[in-house]
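Below: the structure, in structure tokens.
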Amino acid sequence: MPGGTAGKVTPRALQEMKDGGRKIVGVVAWDYQIARIADRAGVDLVSVGDTVGVNLWGDPNPFEVTMDQMILVTRAVRRGVSRALLSADFPFGPLQEGTDSAVRAAIRFVKEAGADMVKLDAAPDFLDSVRAITRAGIPVFAQFGITPQTALRYGVEYSSVPSGADQVPVEMKDALIAEAKRLEEAGAALLNFTNSGPVVGAAVAKSVSIPVVGGFGGGPWLDGRMRMAHAAIGYAASAIDDPPDTYANVARITLDALSSYAEDVRAARQIAGGIPVPPGS
């Protein structure tokens, strides 16, 4: 296993990584095969994102994903993950419907899908739910920072957040430190700080004892990183014509492979992996 923490990863193991100055490696996965590969690669955290709707299913917005769909996707990822800590995103709805609804959803993720932890977006607005889910014995991965869904809450136009730097305004530092501390006091085991930037991100990570990871706008100033596995490998069809800054370009490889397959079929040749063709046939 390349790198990573030895043995099954737990929230305590992530805490020990922060305490020991070791970075946490997290990926977002939505299917069994990617989950198996990520687990074998030695990542510490696999998060089943509600981004599955937009990025894998073509939904027009992230609000269309349902709880039942998230249970189904999380169950598939669970089958592929044996070592990493598995977190599951709340879809839009159960958290907004109240604390009782949030606890029921968290229990479903654990009982029906095998999640080790649940992730709550806009968590500072739902501290009672963070506390209640923690009391139920389920670790909470709390997301905060500027996202399309929370920008207005902070009084910020999301489109005005620097797209190149992907970071929150420095003047928000004290408010975000206070939010991080409230989430820690409410019982969150892990924080996901979006659009942190090097100034505010570093300050927040130092202000709390629990680990702080991040995706967009994150960096080595945090305790770890999150990245969609499909984004890291260049899986999106857009990568064919507009190669992104990724670790591979699976979209281009897939296009070339399927084009070669089509050529073999049209030329009446046996396809790769097909049964041997008898001589003279």
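Worth saying up front: this structure is predicted, and the values here are computed from it rather than measured.
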For this session: For side chain to side chain contact (heavy atoms under 4.5 Å, CB included), just list the numbers for V213 and L222, CA-CA rounded to whole Å, side-chain angles, deciding distance to a tenth of an Å, and then say yes or no.
Result: CA-CA 6 Å; V213 299; L222 300 177; 5.8 Å; no

Problem set entry | Check against side chain to side chain contact (heavy atoms under 4.5 Å, CB included), L86 and M117 | CA-CA 6 Å; L86 180 64; M117 172 181 279; over 6 Å; no

Exercise. Run the side-chain hydrogen bond (donor to acceptor under 3.5 Å, both in side chains) check on D39 and S82 step by step: do they pass?
Worked result: CA-CA 7 Å; D39 204 48; S82 60; 3.0 Å; yes

For this session: May I have the step-by-step check of salt bridge (Lys or Arg N to Asp or Glu O under 4.0 Å) for R266 and D264, ending in yes or no?
Result: CA-CA 6 Å; R266 291 177 180 132; D264 282 347; over 6 Å; no

Problem set entry | From CA spacing to verdict: side chain to side chain contact (heavy atoms under 4.5 Å, CB included), I133, V118 | CA-CA 9 Å; I133 293 169; V118 293; 4.0 Å; yes

For this session: Walk me through it: do Q69 and W57 pass the test side chain to side chain contact (heavy atoms under 4.5 Å, CB included)?
Result: CA-CA 11 Å; Q69 288 174 325; W57 299 339; 3.7 Å; yes

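When atom types are taken as modelled, the side chain of N55 and the backbone of T51 share a donor-acceptor pair closer than 3.5 angstrom. Side-chain atoms of Q270 do not come within 3.5 Å of backbone N or O of P276 as any donor-acceptor pair. Between the side chain of T134 and the backbone N or O of V130, at least one donor-acceptor pair lies under 3.5 Å. A donor-acceptor pair is defined here as one N or O able to donate and one able to accept, closer than 3.5 Å; such a pair exists between the side chain of R78 and the backbone of V81. Checking side-chain atoms of R227 against main-chain N and O of G26 turns up no donor-acceptor pair under 3.5 Å. No donor-acceptor pair closer than 3.5 Å links the side chain of T246 to the backbone N or O of A231. Side-chain N or O atoms of S101 include one that pairs as donor or acceptor with a backbone N or O of P94 at under 3.5 Å. Here the side chain of W30 pairs no donor or acceptor atom with the backbone of V73 at under 3.5 angstrom. With hydrogens and angles disregarded, a donor-acceptor distance shorter than 3.5 Å links the side chain of E184 to the backbone of S209. Side chain of W221 to main chain of V199: no donor-acceptor pair is present (N/O by atom type, distance under 3.5 Å, no hydrogens or angles).
The distance from atom CD1 of I34 to atom CZ of R36, rounded to the nearest 0.5 Å, is 11.5 Å. Separating the CG atom in L85 from the CG atom in D44 is a distance of 9.0 Å, to the nearest 0.5 Å. Of the inter-residue distances, the one linking E179 atom CD with F144 atom CZ reads 7.0 Å to the nearest 0.5 angstrom. Here the straight-line distance linking atom CE of M228 with atom CG of L56 works out to 10.0 Å at 0.5 Å rounding. Note: L190 CG to L183 CG = 11.0 Å, rounded to the nearest 0.5 Å. The CD1 atom of I71 sits 11.5 Å away from atom NZ of K111, with the distance rounded to the nearest 0.5 Å.
Inter-residue side-chain proximity for M172 and V200 is flagged as unmet; no heavy-atom pair is nearer than 4.5 Å. D50 has its side chain out of reach of F90: every pair of non-hydrogen atoms, C-beta onward, lies at least 4.5 Å apart. At least one side-chain heavy atom of L127 sits under 4.5 Å from a side-chain heavy atom of R182. With contacts defined as side-chain heavy-atom distances shorter than 4.5 Å, the pair V25/L45 does not qualify. K119 places a side-chain heavy atom less than 4.5 Å from the side chain of D121. Contact annotation: the side chain of F141 approaches that of N192 to within less than 4.5 Å [non-hydrogen atoms, C-beta and beyond]. The side-chain heavy atoms of K181 and V208, taken from C-beta on, include a pair separated by under 4.5 Å. The closest side-chain heavy-atom distance from D31 to V77 is not below 4.5 Å.
When all heavy atoms of G214 and R225 are compared, the closest pair comes out as O-NE, 3.1 Å. Heavy-atom minimum distance, V204 versus I177: CG2-CG1, 3.9 Å. When all heavy atoms of I210 and A189 are compared, the closest pair comes out as CB-O, 3.8 Å.
Under a 4.0 Å N-O distance rule, the pair D100/R104 does not qualify as a salt bridge. The pair R22-D223 does not count as a salt bridge, with every side-chain nitrogen at least 4.0 angstrom from each carboxylate oxygen.
V103 and M70 end up in the same hydrophobic cluster when Ile, Leu, Val, Met, Phe, Trp and Tyr side chains are linked at under 4.5 Å. Both L95 and I107 are assigned to one and the same hydrophobic cluster, defined by single-linkage of ILVMFWY side chains at heavy-atom distances under 4.5 Å.
Sorted by first and then second residue, the pairs that involve residues 53-76 and meet salt bridge (Lys or Arg N to Asp or Glu O under 4.0 Å), not counting sequence neighbours, are D68-R108.
Between P211 and the choices K23, K18, E16, the side chain to side chain contact (heavy atoms under 4.5 Å, CB included) rule is met once, by K18. The side chain to side chain contact (heavy atoms under 4.5 Å, CB included) test with F109 singles out one residue from T74, V48, D116, and that residue is T74.
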